[in-house]
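To start, the structure itself, in structure tokens.
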Amino acid sequence: MSIMGTRVVRTEDPQFLSRGATYTDDLIDERLTGALHLTLVRSPLAHARITAIDVEEARKAPGVAAVITGADIDLPAALLFPGADKNMVRSWLAADKVRFVGEPVVAVLTEEAYQGQDAADLVEIDYDPLPAVIDLRAAATDEVLLFEDAGTNTSNGMGLDAAFDENFFDGCDVVVTKEIVNQRVAAASLETRAASAVWGGDGRLTLWCSTQAAQGAKAEVAGWLGVEADLVHVITPDVGGGFGAKIGADPEFAVVAWLAKHTGRPVRWNETRSENMTGMVQGRAQLQTFTIGGTKDGKVLAYRLDVLQDAGAYPRLGAVLPMFTRMMAPGVYDIPKVESRARILVTNTTSIAAYRGAGRPEATAAIERAMDMFALEIGMDAAEVRRRNLIQPDQFPFTTKGGAPYDSGEYEKALDMVLEASGYTGLRAEQKRRREAGEVVQLGIGVSVFVEITGGGAFSEDASVQVHPDGTVTVLTGTSPHGQGHATAWAMLANEHLGIPIDKITVKHGDTDLIPRGSGTMGSRSLQTGGVAVYKAAGELVELAKQRAADLLEANVDDLEVVEGRVGVKGTDKGVTLAELAGKEELKVDSVFDSGAPTFPFGAHVAVVELDTESGKAVVDKIITVDDAGPVLNPLLCEGQRHGGIAQGISQALLEEVVYDEDGNPLTATFADYGFPSAAELPSFTLLDMATPTHLNPLGVKGIGEAGTIGATPAVQSAVVDAVSHLGVRHIDMPASPLRVWEAIEAARSEGGAPIDTARSTS
């Protein structure tokens, strides 16, 4: 019986629930004996020139081994995103100028961790404040420059070479334009950033760090330090979440490594939660303007998306994410004309990088909001407008006007499933009753249909499978788990071919000496690349074992089969175990799988909210979802990924937002100020099953890790707006907080029910 598709309980959990995880800050390693502890003195200002730094008193503090400023570090400043303006570099410790609150300025090294903050408080830094640039529109004027040598705040651009077509919407009966905000959010992972470093007598650096991609981190750190990659050994212990914010390395990792070499002692660093909320890369942060045009009978003819992307103070991965936003701009719809462009701008805020979905949720939020406003303008049901514009199954493979090569999809089927399961017709009837009765608590219904790209740009992955003489199996993978359940899933894939129980299969990752090649975990790529690589390697190992057994058993290879870890002659009791074969000669296969292209999972969500019109508070009553990622390997793991994504999607729609004041001071630097949900704020989720395989890998699987954040967010936002649309409200920017909803209602009432919205600036 195949193990594929069964609900196998996570093999990781007993360890995590008993002993607990071993995060980077928990490490006990003899190489770290006598390590110094790093405390960073960070800028309290968003934009200022540094006029003086006095560290003398700090150097005299108890336990202080060294105090280092930017002038002491002999590494060249780094361009953290190669495609950005070459002048937009970041120094390892700011020496002349700071560009965001939380930027590291001075490094304090102490014998004990608790001594660090006391010494850091003795560092005196004089600043000459400069005007802060927070708003994207203000950044685009270049009136205040973050990098004077660049002469602009534009880091890079996409589609800016030519002007938009003035006649683009000719022939449209109705044209709707709207500026909306996809707000900045924090990853807020369970584990904050951490790193430990030591240099060996052989001149090699060993760096332990919390990352989603050990091999990528190795390459980045080696480049920053100016050493050969072979001189860097990265080890990734257990990682407490990442959500994209831990892709690759952080500049602080290079600082830790440099300090270890400079002092000749190991160095350890672990940031506080407040440091994490101001220093770790954040997500989203787009100001979008969409224009949608079509006919009065609901056919969309043209769609335009204009994006201003916040890069933060120093361009990082966020500077490339609008590429995915533009690629996925038309979503699931067959729109004859689509055009888009993006301008990426630096501001005096924390840098932007990937956050669960990374460019794709932003695209979906825009097109789904556009479809809602188009439907409202022509007086047609929002679900019906979507249905009339969906790409049909017989059109696949389908290349969109955004340039995305969709592999497979049944979008209308997904929409029909969620509408039926939600009782959509009955919900609309109940909504009508409440509106006519003028009840305080109104019902809102939001619909979204989405498609995303998974494995984009990282199509290849390495894996090896080895059977040992004791009957155990080791799987090496280039993917890097941080909550996904790879140890269970990859063991299942090896078991499928080998027949060896999964409790005898150990999955190893995150050690660049042991696994020199790998692309890590991001972009929902793991199963469709890394998992398939493991499956392929295990299959190849079976073929190798059969060839060796054929000689031993004096049988034809075609007459052999592998059952429960034993190679046997079909129809006989003659055979040999894989363990016995491994005892005679190493039984190991290294393999690589390359899909050559990304996959495009899709789905549909219906969100139902109860909204108190007196307080503005919206509560999600139910959410019904289809998240089609092809055949499911382990429903338990798949449902966990769906639940997590949906929760984060709902949270962005209603709660989460990183906020700065006009001077660039972060107002959401602690969990007391930054809102995200507990179980009490979330409903039970209705997960409908649907599996449309891809032809791009032998398992037919696609990615599932980010689906919920892509489908749930626009569905919940639409539901909130829908609940008060009869009062004249046409749009409410995320997060739809009680205050923002209440203000929208009051504004509508003051205007006598005239259509209004609550779009606001990015500050």
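Just the heavy atoms: all of them, side chains too, but no hydrogens, waters or symmetry mates, feed the values below.
The pair D462-R517 counts as a salt bridge, with a side-chain nitrogen and a carboxylate oxygen less than 4.0 angstrom apart. Between D416 and R387, at least one side-chain nitrogen of the basic residue sits less than 4.0 Å from a carboxylate oxygen of the acidic one, meeting the salt-bridge criterion. K536 and E540 are joined by a salt bridge, as a carboxylate oxygen and a charged side-chain nitrogen come within less than 4.0 angstrom of each other. Under a 4.0 Å N-O distance rule, the pair K702/D407 qualifies as a salt bridge. The pair D513-R204 meets the salt-bridge criterion, since a charged nitrogen lies less than 4.0 angstrom from a carboxylate oxygen. One finds a salt bridge joining E639 and R7 here, because a Lys/Arg side-chain nitrogen approaches an Asp/Glu carboxylate oxygen to under 4.0 Å.
Between M492 and T6 there is a side-chain heavy-atom pair separated by less than 4.5 Å. Looking only at side-chain heavy atoms (C-beta outward), R193 and S210 stay at 4.5 Å or farther from each other. Under the 4.5 Å side-chain criterion, counting only non-hydrogen atoms from C-beta, W208 is in contact with R31. Proximity of L699 to L633: side-chain heavy atoms (C-beta onward) are nowhere separated by under 4.5 Å. Looking only at side-chain heavy atoms (C-beta outward), I453 and M328 come within less than 4.5 Å of each other. In this structure, the side chains of N389 and D334 stay at 4.5 Å or more apart for every pair of heavy atoms. D511 has its side chain out of reach of T236: every pair of non-hydrogen atoms, C-beta onward, lies at least 4.5 Å apart. Using a 4.5 Å heavy-atom threshold, the side chains of L578 and R566 count as separate.
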Legend entry - Q484 vs H482, side-chain hydrogen bond (donor to acceptor under 3.5 Å, both in side chains): CA-CA, chis, key distance, verdict: CA-CA 6 Å; Q484 292 84 353; H482 40 281; 3.1 Å; yes
Inset, instruction - Verify side-chain hydrogen bond (donor to acceptor under 3.5 Å, both in side chains) between T521 and S526, making sure each step is shown before the conclusion. - result: CA-CA 6 Å; T521 294; S526 291; 3.2 Å; yes
Inset, instruction - Before giving the answer on side-chain hydrogen bond (donor to acceptor under 3.5 Å, both in side chains), spell out for T625 and R642 the whole-Å C-alpha distance, their side-chain angles and the decisive distance to 0.1 Å. - result: CA-CA 9 Å; T625 76; R642 292 175 71 183; 3.1 Å; yes
Inset, instruction - Please step through side-chain contact (heavy atoms from CB on, under 4.5 Å) for the pair V8 and L636, ending with a clear verdict. - result: CA-CA 7 Å; V8 177; L636 197 66; over 6 Å; no
Inset, instruction - Before giving the answer on side-chain contact (heavy atoms from CB on, under 4.5 Å), spell out for T454 and Q528 the whole-Å C-alpha distance, their side-chain angles and the decisive distance to 0.1 Å. - result: CA-CA 9 Å; T454 58; Q528 69 191 47; 2.9 Å; yes
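Contact detail for T694 and V701: the closest heavy-atom pair is CG2-O, 3.4 Å. Taking each heavy atom of C209 and P237 in turn, the nearest pair found is O-CD, 3.7 Å. The shortest non-hydrogen separation linking R525 to G455 is CB-CA, 3.7 Å. Contact detail for G565 and I500: the closest heavy-atom pair is CA-CG1, 3.9 Å. Between G703 and P601, the shortest heavy-atom distance links the atoms O-CG, 3.2 Å.
In summary, of the residues considered (V626, V606, L390), a side-chain contact (heavy atoms from CB on, under 4.5 Å) with L415 occurs for L390 alone.
For F450 and H605, the ring centers are positioned less than 6.0 Å apart. Annotation: F396 is in aromatic contact with Y411 [ring centroid separation under 6.0 Å].
Side-chain contact check for S595 and N697: no donor-acceptor pair (N or O, by modelled atom type) lies under 3.5 Å.
Crowding of Q395 atom CD: a count of heavy atoms from other residues, nucleotides or ligands under 6.0 Å exceeding 12. Within 6.0 Å of CD in Q392 there are more than 12 heavy atoms belonging to other residues, nucleotides or ligands.
Note that the OG1 atom of T477 and the NZ atom of K508 stand 13.5 Å from one another [nearest 0.5 Å].
Between the side chain of Q215 and the backbone N or O of S519, no donor-acceptor pair lies under 3.5 Å.
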